[in-house]
Amino acid sequence: MTLTSDLLRGLNEQQHAAVTLPAQHALILAGAGSGKTRVLTTRIAWLIASAQVSPQGLLAVTFTNKAAREMLNRLSAMVAVNLKLMWVGTFHGLCNRMLRAHHRDAGLPASFQILDSQDQLAAIKRMLKAMQIDEDKVAPRNLMHFINACKESGQRAASVEAFDDYNRRFVELYSAYEVQCQREAVVDFAELLLRSYELLQRNQLLRDHYQLRFRHILVDEFQDTNALQYRWLKLLAGAGNAVFAVGDDDQSIYGFRGADVGNMMAFEREFRVDNLIKLEQNYRSAGHILDCANALIEQNNARLGKALWTDAGAGEPVRVQELVSDAGEAQWLVEQIKAIVRDGDRRSDVAVLYRSNAQSRVIEHALFSATIPYRVYGGLRFFERAEVKHALAYLRLIEQDDDDGAFLRVVNFPVRGIGARSLEQLQDLAKRRSCSLMAALAAGAESGLSTAALSRLRQFQQLIHGLRQATVMLPLADAVQKVIEQSGLAQHYSLEKEGQERLENLQELVNAAASFVSEDLPLAENLSPLAAFLSHASLEAGEHQALAGDDAVQMMTVHSAKGLEFQHVFITGLEEGLFPHENALSEARGLEEERRLMYVAITRARERLYLSFAQTRMLHGQTRYHIRSRFIEELPQAHLKWLSPRAQARWGPSSGEPYTLGGGLDSPGFGAGTGGDHLLSFERHAQAATAGVSLRIGQNVRHERFGDGVVVSLEGRGTDSRAQINFGRQGLKWLALSVAKLQLP
DNA sequence: TCGGTTCAGAGTATT
DNA sequence: TCTGAACCGA
């Protein structure tokens, strides 16, 4: 057993204080790069090492599997105890574990399957079709959002109040969806949480059991919790347990998916938290970068308040570059990255961040043309690939017959002559008997199906049945291999022109199964290896593109960069409308969340941070003109180094010089230091007329109501022409030039 | 059952 | 402009 003094060595004062807090509720405000994970894991190790709690008395919850793994990895290096006794995992993983253990009390069959978002949407579409509801009337996606939002606020269909007919319709469909899921023995992600919550709420014995057991509950990324997760924690904590919540309100960037920073304040209040510790010393970024981050986030009103500092020195100022176009920005990036590599750093030390995925294409194109290897985060993950989902569908049917989603996915894949009409008839029969498709098949010949069709369906049934018998005694990997072969998937893809990669992915699935067996199976308490593997496959979508090992430039959205750090960081597309995103500006707390997003982006950088923006950008097939982001204005000039001449921006009526977009365009020195002609190539003389006044992009104008503004974009001709004008604090507005009375100031 | 055409929509995302 | 999904004809 590690000595507690060893564990605590090297912690700063605040970290030390947090780790050694008494067994009471605590809120740790952990700034970016302040050693949050270290504090969390050391706290656990310290609790164990100082014999305050045994591993089975601990529950630690995270949002991602990656974070949970990281925590376990670090812990195993710190303490020599059986970590499997602890409950460490994601909210969904832990809820799954609880539901597996008490499936009967939760009203679920032992073999219930988990739907990922794809599956859920497919299930909803299928339901709408069966109910003969036109997708034009009810958009499946909207319904899905509605259902998930209900569940995340703890509401069952029966308890949702409908305000109008439209709403009432949705509630009815929510109800029908609940019935369908129950019949098919499937639960979606939100359901895992809600069921687990209801289980604890309803069942006092169980609640007492878990409350007595988990003396210490630790929560990572507390600012990302949603309403239901918060209530779940509250229920689990009961009166006697200590909740150690770690989070950073300034890094709350998931409001759009239900995360509520307010939970941090609620926690402080409702749990009567006396121990609030701020971790403000930053071990990641150089001083100039931190000062920028601090200055930026100070502009937000809704915060608990903290400021990062470092003793590592000021480092290099933050570089800022204006470009003429998105293509120019990409070209500039290429040159900068080449220079970085020339100076001896690795490409993988460089991250290119952007606000939205669409922005990656131009950059990819430039990197590709320059033969610079890159890796884009996002996109399809391993367990989401079609061929992998097909194989999983067979496995699910082996485990659980009633899964109509899985049935329909593979009943005719590979093709075995079972067409849409046969399936419709089978579905009708299943509906009449309110049973699953497989059950309908077993039951009846009174389906109206032709003998031939029925026989083909029966063959499929036999296939599943046979696979079940053939695999039950096999080791998991062998079972998966057998299913891939016997189902015909292997042959199907081997005959397909471009099936090679898919075959490889199927082989990878076998490998995943093999390594899964050798992994610890904390949730396999009384679960077959196959059932456990299927849970794993649904709860962990796997790596994005595992091109690990390659020395490639890292490209990702700011959201997916959260939690990561890089030596060199480029934040691109810093333009009004893009970052902050125009959609966010019309949301209640949108701008502050965008600013937090920028704060996250800035604090990813260790040594060097680059900010870039372009005057024009191709967006939705149109060239758009943007002015630079207000977030650049909000950074203290003393910490910036402008690589291109800094044009004056006018933000609102009160601020200084008139804005001239691309003030250096006419001068040959524009873009000095980079030397690419892309900087000079753009001809920008879009013009339109209003009341005899000629307008161009960048023109200053005055409006009687909105005050002074600057022309950002021009559209149309003659009497149809419109101008988008940025009126600073009044916002961006489109004005029809034939109507608006604009003057030159 | 596949392959082409048409059409809408185009912020961020984990489980 | 580009993508994905839905739809239709062979």
Side-chain angles (χ1 to χ4, degrees), chain A residues 61-68 89-97 114-122 125 129 134-136 139-141 145 148 151-152 187-194 196 220-221 224-226 228-229 251-259 326-327 353-362 365 377-381 383-384 412-421 496-497 535-542 544 556-563 573 577-587 590 593-594 596-598 600-601 617-624:
Chain A
V61 62
T62 63
F63 276 85
T64 64
N65 292 295
K66 198 176 155 200
T90 62
F91 278 99
H92 295 85
L94 297 181
C95 287
N96 181 43
R97 185 169 178 173
I114 300 165
L115 302 184
D116 66 19
S117 324
Q118 253 182 64
D119 300 332
Q120 186 188 17
L121 187 62
K125 285 183 178 174
K129 207 166 187 179
D134 197 341
E135 288 191 6
D136 295 336
R141 250 165 224 290
H145 288 147
N148 290 341
K151 290 186 178 183
E152 275 163 21
V187 287
D188 58 48
F189 287 137
E191 184 74 21
L192 284 172
L193 278 157
L194 183 53
S196 171
D220 189 20
E221 306 275 17
D224 289 341
T225 50
N226 67 27
L228 185 55
Q229 287 158 342
Q251 291 189 73
S252 162
I253 56 172
Y254 286 111
F256 68 92
R257 69 173 196 211
D326 48 355
L353 308 185
Y354 33 80
R355 170 69 239 265
S356 63
N357 285 304
Q359 288 164 254
S360 77
R361 294 198 17 227
V362 189
H365 179 76
Y377 281 69
L380 262 199
R381 316 235 304 230
F383 286 110
E384 292 165 356
N412 198 34
F413 192 96
V415 179
R416 39 179 82 87
I418 298 168
R421 193 179 303 123
E496 204 177 56
K497 265 175 285 174
S535 275
H536 168 82
S538 309
L539 290 175
E540 174 153 22
H544 274 297
M556 66 196 82
T557 63
V558 181
H559 280 91
S560 30
K562 189 174 165 225
L578 250 190
F579 198 180
H581 197 279
E582 54 199 356
N583 295 357
L585 297 177
S586 53
E587 286 163 14
E593 180 143 323
E594 292 292 300
R596 291 192 292 267
L597 196 51
M598 181 66 181
V600 167
R617 187 174 291 275
M618 207 50 151
L619 221 61
H620 309 331
Q622 281 185 321
T623 303
R624 299 230 316 201

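Predicted model, so just to flag it, every value in this text is computed and none were measured. A, B, ... follow the sequence lines: proteins, then strands. Residue 1 opens every chain. What you see below is based on every heavy atom in this structure, not just the backbone, and it leaves out hydrogens, waters and symmetry mates.
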- [ ] Select base, sugar-phosphate, or nothing to describe what A:N357 touches, counting heavy atoms under 4.0 Å on all strands.
- [x] sugar-phosphate
- [ ] Rounded to whole angstrom, note down the C1' distance from B:dT14 over to C:dT3.
- [x] 24 Å
- [ ] Please identify each residue that fulfils side-chain hydrogen bond (donor to acceptor under 3.5 Å, both in side chains) with A:D116, with sequence neighbours left out.
- [x] A:K389
- [ ] Verify whether one side chain among A:S117 and A:Q120 offers a donor that lies under 3.5 Å from an acceptor in the other.
- [x] no
Task: Between C:dA5 (P) and A:L121 (CG): distance, integer Å - done: 10 Å
TODO: Using heavy atoms to find the nearest nucleotide of DNA chain B for A:I418 and A:G621 separately, return the residue whose nucleotide is more 5′.
DONE: A:I418
TODO: Could you tell me whether A:R416 atom CZ has more than 12 heavy atoms of other residues or ligands within 6.0 Å of it?
DONE: yes
- [ ] Check every atom of B:dC2, B:dT12, B:dG11 against the side chain of A:V415 and return the nucleotide holding the closest atom.
- [x] B:dC2
Task: Listed nucleotide nearest any side-chain atom of A:H620, set B:dG11, B:dA13, C:dC2 - done: B:dG11
- [ ] May I ask you to verify if any side-chain N or O of A:K125 is less than 4.0 angstrom from the OP1 or OP2 atom of C:dA6?
- [x] yes
Task: Nucleotide B:dA10, atom P - distance to CG of A:L578 in whole Å - done: 15 Å
Task: Sugar-phosphate only, base, or nothing, as touched by A:E587 at under 4.0 Å among non-hydrogen atoms - done: base
Task: Donor-acceptor pair under 3.5 Å, A:Q359 side chain vs B:dG11 base - done: no
- [ ] Indicate, with a heavy-atom threshold strictly under 4.0 Å, whether A:N412 touches base, sugar-phosphate, or nothing.
- [x] sugar-phosphate
- [ ] Classify the nucleic acid contact of A:A584 as base, sugar-phosphate or nothing, counting any heavy atom under 4.0 Å across all strands shown.
- [x] base
Open item on the list: Is there aromatic stacking of A:F256 on B:dT12 here, judged by a ring-centre distance under 5.5 Å and a plane angle under 30°?
Closed with: yes
Open item on the list: I want to verify a distance call: between B:dG11, B:dT15, B:dT1, whose nearest atom is closest to the A:F189 side chain?
Closed with: B:dT15
TODO: Classify the nucleic acid contact of A:E594 as base, sugar-phosphate or nothing, counting any heavy atom under 4.0 Å across all strands shown.
DONE: base
Task: Below 4.0 Å: OP1/OP2 of B:dT15 and any side-chain N or O of A:R257 - done: no
Task: A:M618, nearest nucleotide to its side chain (from C:dT1, B:dG11, B:dT1) - done: C:dT1
Open item on the list: Once you apply a heavy-atom cut-off of 4.0 Å, does A:N65 come out as touching a base, just sugar-phosphate, or nothing?
Closed with: sugar-phosphate
Task: Protein-nucleotide distance (A:D224, atom CG; B:dT12, atom C1'), rounded to Å - done: 13 Å
- [ ] Look at the side-chain N and O atoms of A:S560 and state whether any lies under 4.0 Å from the OP1 or OP2 oxygen of B:dA13.
- [x] yes
- [ ] Quickly work out the A:R617 CZ to B:dG11 C1' distance and round it to whole Å.
- [x] 14 Å
Task: Pairwise 5' ranking along DNA chain B for A:A190 and A:E593, keeping only the more 5' one - done: A:E593
TODO: Please state how far atom CD1 in A:I253 lies from atom C1' in B:dT14, giving the value in whole angstrom units.
DONE: 11 Å
Task: Parallel, tilted or perpendicular, as decided by the 30° and 60° cut-offs, for the rings of A:H559 and A:Y254 - done: tilted
Open item on the list: Using the P atom as the point on both nucleotides, what is the distance between C:dC2 and B:dA13, in whole Å?
Closed with: 22 Å
TODO: Scan A:Y254 against the nucleic acid and name what it touches under 4.0 Å (heavy atoms): base, sugar-phosphate only, or nothing.
DONE: sugar-phosphate
Open item on the list: Using atom P in both nucleotides, what's the gap between B:dG11 and C:dG4 to the nearest angstrom?
Closed with: 13 Å
TODO: Using a 4.0 Å heavy-atom cut-off across all strands, classify A:K562 as base, sugar-phosphate, or nothing.
DONE: nothing
Task: Minimum heavy-atom distance between A:V362 and A:A327, given as atom pair plus value - done: CG1-CA, 3.8 Å
Open item on the list: If I take atom CZ in residue A:R141 and atom P in nucleotide C:dG4, what distance separates them, rounded to the nearest angstrom?
Closed with: 12 Å
- [ ] Ignoring backbone atoms, establish whether A:T557 has a side-chain N or O less than 4.0 Å from OP1 or OP2 of B:dA13.
- [x] yes
Open item on the list: As an exercise, state the distance from CD of A:Q359 to CG of A:L578, rounded to the nearest 0.5 Å.
Closed with: 4.5 Å
Task: A:L539 CG to B:dA13 P, straight-line distance once rounded to whole Å - done: 20 Å
Task: Nearest to side-chain heavy atoms of A:S117, which nucleotide of B:dA13, B:dT15, B:dG11 - done: B:dT15
- [ ] Would you indicate whether the side-chain heavy atoms of A:R355 and A:T557 approach each other to under 4.5 Å?
- [x] no
Task: Residue-phosphate contact under 4.0 Å: A:R361 side-chain N/O, C:dT1 OP1/OP2 - done: no
TODO: Measure the distance from NE2 on A:H365 to C1' on C:dC2 and round it to the nearest whole Å.
DONE: 15 Å
